[in-house]
Amino acid sequence: MNPFTHNSPAAAPKAPSVLCRSLATLIRVLPLVAISLLLALGSAGCSKKSDDVIKVGEFASLTGKEATFGTSSHEGTLLAIEELNATGGVLGKKIELITEDNLSKAGESGTVVTKLIDRDGVVAILGEVASSRSLEAAPICQRSQIPMISPSSTNPKVTETGDYIFRVCFIDPFQGTVMANFASKTLKAKKVAVFTDVKSDYSKGLAKYFKEGFTEAGGEISAELDFNGGDKDFKAQLTAIKTAAPDAVFVPGYYTDVALICIQAKQLGLNVPLFGGDGWESDDLIKIGKEAVEGNYFSTHYHPEVSSPKSKQFVEAYKKRFKNQDGSPKAPDAMAALGYDSAIILAEAMKRAGTTEGAKVRDALAAMKDFEGATGKTNINEKRDATKPAVILQVKGGVFKYVETISP
Ligand code: PHE
């Protein structure tokens, strides 16, 4: 409605009272007009601004029980975005990374990813490390037709959610087999106990694939026990494990629980090797577990010692950008390297698609082959997973020592 119609020259001559009323109306509506104008200008300004950048969402466990996972992954992702923006961005625009913390808590990832998509209008989602949290977000991204790339979730169900969901790491059927062969060939174990976190999709999956692989290799599973991630006392289960007298114990858990499990195993005199998967990888494993984790093994995605030129470049840039608490250069771990790769692969897919439109970016991601990144070459297969080698590390002298690389 035009508030000035009253004063239109076509209007009939007005009596003074009519004129007064018109004036009063004008005074009443003026502030409204001014506000509307300001709002219109403001939103034009905003939409112009958001047209100028490409918004990418990230969700990560920046605090809470798996804080080192989210922090590392975020730092790798951030480094990639900063490098991309320093060289002109993507499709002539800068990338704006919007990061949300899920506090390492179940139930939070769905909320923050919905916010990133609905409120912030991101065109893609990067995350998460932990499979259970990626599994919370994946159906939301799939429904919204927003491509999601998990840097390091290894449970097969993550990408099975749908054709918009990708990952840049290997999956647990492979990781489980690698550790099954390692147990039988390198540890020469005949009997292995398996200790599973039943709250974690990652742990349950990796335990299953390990058991299949180990029995296939001729081994025996001598005990199967459960825990709940976040438990503090594992002694009852460890006592049962000790009674079964295994040659080694497979613990597909995350570092905070694993460190306590290693300490309590030692206290109970369970003096056989404990070993696990990528969930062990954190400096906090050593900080918490100290000598109780010494000598143990785990598989993961990457180690800075195994490096291609692109990987070396990444390690240098990361060390320059991020510092440890004591101020020394921080060496990247697997999550940092995979976080970096998830971001550069997304950017590359947008470049190849020539747009940020979901379906086209999805197609470009699905076609990604031999892309050089921090973790070596990424090949996206028909299941939207990456086919990549695994590395085995050992805790030795308070650091992670490279043992071997196992190719798929
Ligand atoms: N692969 C683990 C999961 O799916 C997460 C993880 C990745 C942990 C890399 C450490 C290093 O839950």
Side-chain angles (χ1 to χ4, degrees), residues 59-62 64-77 102 104-106 109 126-138 148-161 165-179 196-210 229-230 250-259 275-286 297-304 331-342 373-376 378 384-386 388-393 395 400:
F59 68 115
S61 54
L62 296 176
K65 195 168 158 281
E66 279 93 42
T68 70
F69 284 176
T71 305
S72 288
S73 191
H74 170 64
E75 287 173 353
T77 305
N102 55 31
S104 306
K105 277 197 189 143
S109 296
L126 299 173
E128 227 256 14
V129 173
S131 289
S132 293
R133 294 193 280 269
S134 288
L135 281 166
E136 283 180 29
M148 165 177 149
I149 308 177
S150 163
S152 47
S153 287
T154 44
N155 187 284
K157 287 185 291 183
V158 173
T159 49
E160 284 165 11
T161 305
I165 317 299
F166 296 83
R167 81 180 100 216
V168 294
C169 61
F170 57 62
I171 56 172
D172 286 334
F174 170 64
Q175 181 165 224
T177 312
V178 164
M179 288 323 270
T196 308
D197 175 359
V198 285
K199 263 199 189 163
S200 151
D201 292 289
Y202 158 76
S203 191
K204 287 186 284 185
L206 189 52
K208 171 178 178 271
Y209 303 117
F210 172 81
F250 184 61
V251 190
Y254 292 149
Y255 63 94
T256 28
D257 303 316
V258 169
F275 64 113
D278 52 353
W280 283 40
E281 192 175 354
S282 168
D283 287 347
D284 281 5
L285 178 83
I286 297 169
Y297 298 90
F298 63 93
S299 52
T300 188
H301 307 262
Y302 158 92
H303 188 263
D333 56 16
M335 287 134 286
L338 287 166
Y340 181 88
D341 283 353
S342 70
T375 58
T378 296
R384 298 173 297 283
D385 304 323
K388 278 183 180 172
V391 299
I392 294 176
L393 307 182
V395 188
F400 297 147

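Owing to the predicted nature of the structure, the values given are computational and were not obtained by experimental measurement. Worth knowing before you read on, the calculation uses all heavy atoms, side chains too, and leaves out hydrogens, waters and symmetry mates. Start at 1 and go down the list; that is how both ligands and their atoms are numbered.
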| field | Shortest non-hydrogen separation from Arg384 to Thr159 and the atoms involved | value | NH2-O, 2.9 Å

Is there any N or O on [X] that sits under 3.5 Å from an N or O of ligand 1?
X	value
His301	no
Thr300	no
Tyr202	no
Ser131	yes
Thr154	yes

Can you tell me which residue and heavy atom of the protein come closest to [atom], and the distance to 0.1 Å?
atom	result
atom 6 (C) of ligand 1	Val129 CG1, 3.4 Å
atom 12 (O) of ligand 1	Tyr254 OH, 2.5 Å
atom 10 (C) of ligand 1	Asp278 O, 2.9 Å

| task | Check whether any side-chain heavy atom of Ile392 sits under 4.5 Å from a side-chain heavy atom of Val178, and report yes or no. | result | yes

| said: Using side-chain heavy atoms (C-beta onward) and a distance below 4.5 Å, is Asp257 in contact with Lys65? | reply: yes

| Touching ligand 1 at all, Ala334? Heavy atoms, strictly under 4.0 Å? | no

| request: Using only heavy-atom distances, determine whether the side chains of Ser61 and Glu66 contain a donor-acceptor pair under 3.5 Å. | output: no

| Angle class for the Phe250/Phe210 ring planes (parallel below 30°, perpendicular above 60°, tilted otherwise)? | parallel

| query | Once the angle between the rings of Phe69 and Tyr255 is folded into 0 to 90°, is it parallel (under 30°), tilted (30 to 60°) or perpendicular (over 60°)? | reply | perpendicular

| task | State whether Asp172 and Lys208 are salt-bridged, where the test is any N-O pair (Lys NZ or Arg NE/NH1/NH2 against Asp/Glu carboxylate O) under 4.0 Å. | result | no

| said: I'd like to check which ligand 1 atoms, numbered from 1 as shown, lie under 4.0 Å from a non-hydrogen atom of Ser152. | reply: 1 (N), 2 (C), 4 (O), 5 (C), 6 (C), 7 (C), 9 (C)

| task | For Phe69, take its heavy atoms, then give the atoms of ligand 1 lying under 4.0 Å from any of them. | result | 8 (C), 10 (C)

| query | Which part of Glu281 is near ligand 1, with near meaning a heavy atom under 4.0 Å away: side chain, backbone, both or neither? | reply | neither

| request: Look at atom CG of Asp284 and say whether more than 12 heavy atoms of other residues, nucleotides or ligands are closer to it than 6.0 Å. | output: yes

